[in-house]
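One structure is given below, encoded as structure tokens.
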Protein chains: 2
Amino acid sequence: MFSKTCEYAIRAVLFIAQKSEDGSKVGIREIAKGIDSPEHFIAKILQDLSRKGLVQSQKGPSGGFYLDKTSLHATLADVVRVVDGDKIFSGCALGLKQCSEIKPCPLHHEFKKIREDILRFLQSAKLGEFNRQLEQDLFFLKR
Amino acid sequence: MFSKTCEYAIRAVLFIAQKSEDGSKVGIREIAKGIDSPEHFIAKILQDLSRKGLVQSQKGPSGGFYLDKTSLHATLADVVRVVDGDKIFSGCALGLKQCSEIKPCPLHHEFKKIREDILRFLQSAKLGEFNRQLEQDLFFLKR
DNA sequence: ATAAAAAAGGATAAAAAAGTCTTTTATATT
DNA sequence: AATATAAAAGACTTTTTTATCCTTTTTTAT
Ligand code: FES
Ligand code: FES
């Protein structure tokens, strides 16, 4: 569904959202531990998200990653789009060069609905909205 | 969503279903052209599907690939499972080691529904059932 | 000023996926 | 029986994805 990079990215972003809700910042090491990902790899990914403005970062002692107001209201769809592009939202399920209503592949009609469901959900899910459940151990970012 | 291998596999199988409906067989070259895939690559994929019994093949002159009665009633889900495993049906959307109802990731509840939709459709779709629409150019396997 | 902490950046390595090429085996036709 | 045809098999290459390592830059606290 998502690339591994994207899976890590989402987990990291949600972790940062939760840990930085109070205005503090969280370092790479803690993030990597918190989502059980390779430290250097997630560092790379966050560099990227940071350049694209989806997470904020500060160098130096007591620095780290955090989400500002704007980022807290970004959606999972934004993260997915930045990392994986929009193949999942608009690409053909069977890999035809482009998905098309007038020359559809055999899966088109059904998968269109499914893609819309996915998009609808990812677009409605704001990065900050899982904090409470994460806090209360109703949701997990590693196992 | 699917691996490239799986996309080709599905397209090939549906192509074979259509072309062999009348009992004839269809060769690799024609299949590769018909679904616009690399010839040797699809050959390899079909080898695999053939070993697993999802398509039938015959060597030698006037040989080729075809689907027997049983295979015509196999489903897209069978193909996907053979090629991509069942990660898409039961894996965690965020890559947690296993998807779990009691320790769910933040996407679990929504993605569970989506996965079920996907499974429902793929399981209901028999390989032979697209022949008519393919014949009538209502569906396409290449572009 | 200086040392320490932390992210940024670049280079490389390892693994997996995608794709190609060559040889072997089976079989239908002659 | 000989031949031509077509898939099966296996070895190999390339590309992409995933992961690691090391150096540099920035920032803060002392
Ligand atoms: S054409 Fe394949 S999903 Fe639209
Ligand atoms: S735990 Fe992630 S999808 Fe079920």
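Computation of the quantities below employed the complete heavy-atom set of this structure, encompassing side-chain atoms and omitting hydrogens, waters and symmetry-equivalent molecules. Protein chains get the first letters and strands the later ones, always in sequence-line order, with residue 1 at the start of each.
In this structure the side chain of L127(B) reaches within 4.5 angstrom of the side chain of L76(B), judged on heavy atoms.
Between Q58(A) and K4(A), the residue anchored closer to the 5' end of DNA chain D is K4(A), taking for each the nucleotide with the nearest heavy atom. Mapping S62(A) and Y8(A) onto DNA chain D by nearest heavy atom places Y8(A) closer to the 5' end of the strand.
F2(B) has its CZ atom 17 Å from the C1' atom of dA17(C), to the nearest Å. Regarding Y66(B), its OH atom lies at a distance of 14 Å from the C1' atom of dA6(D), rounded to whole Å. Spacing between atom CZ of R29(B) and atom P of dA4(D) amounts to 16 Å, rounded to whole angstrom units. Between the C1' atom of dG19(C) and the CD1 atom of I45(B) lies a distance of 10 Å, rounded to the nearest Å. Between K52(B) atom NZ and dA7(D) atom C1' there is a gap of 17 Å when expressed in whole angstrom units. What separates CD of E7(A) from C1' of dA19(D) is a distance of 15 Å, to the nearest Å. Rounded to an integer number of Å, the gap from F41(B) CZ to dT13(D) C1' is 13 Å. Regarding I42(A), its CD1 atom lies at a distance of 10 Å from the P atom of dA19(D), rounded to whole Å.
Out of dG19(C), dA7(D), dA7(C), the shortest distance to the side chain of K44(B) is found at dG19(C). Distance from the side chain of R51(B) is smallest to dA9(D) among dA4(C), dA28(C), dA9(D). For H40(A), taking side-chain heavy atoms from C-beta onward, the closest of the listed nucleotides dC21(D), dC21(C), dA8(D) is dC21(D). In this structure, of dT18(D), dT28(D), dA8(C), it is dT28(D) that holds the atom nearest to the side chain of P61(A). Closest approach to the Q47(B) side chain among dT18(D), dT27(D), dA8(D) is made by dA8(D) (side chain taken as heavy atoms from C-beta onward). Nearest nucleotide to the K59(B) side chain, out of dT18(D), dA26(C), dA7(C): dA26(C).
Note that CZ of F65(A) is 12.0 Å distant from NZ of K25(A), once rounded to the nearest 0.5 Å.
Put simply, the side chain of R11(A) gets close to the backbone of L94(B): a donor and an acceptor are under 3.5 Å apart. For the pair S124(A) (side chain) and F121(A) (backbone), a donor-acceptor distance under 3.5 Å is present.
The partner of dT25(C) is dA6(D), by the rule that a Watson-Crick or G-U pair needs both atom distances under 3.5 Å. Pairing for dT30(D) goes to dA1(C), judged as Watson-Crick or G-U wobble with the two contacts each under 3.5 Å.
Looking at D117(A) and K113(A), no side-chain N of the basic residue comes within less than 4.0 Å of a carboxylate O on the acidic one, giving no salt bridge.
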Do D48(A) and K52(A) pass the salt bridge (Lys or Arg N to Asp or Glu O under 4.0 Å) test, and can you show the C-alpha distance, the side-chain angles, and the key distance before you say yes or no? CA-CA 6 Å; D48(A) 216 60; K52(A) 307 246 171 83; 3.2 Å; yes

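Using a 4.0 Å heavy-atom criterion, one finds that V55(A) contacts no nucleic acid atom at all. Residue contacts for L46(B): at a heavy-atom cut-off of 4.0 Å it reaches no nucleic acid atom on any strand shown.
Remark: T5(A) is not in phosphate contact with dT17(D), judged by side-chain N or O atoms under 4.0 Å from OP1 or OP2.
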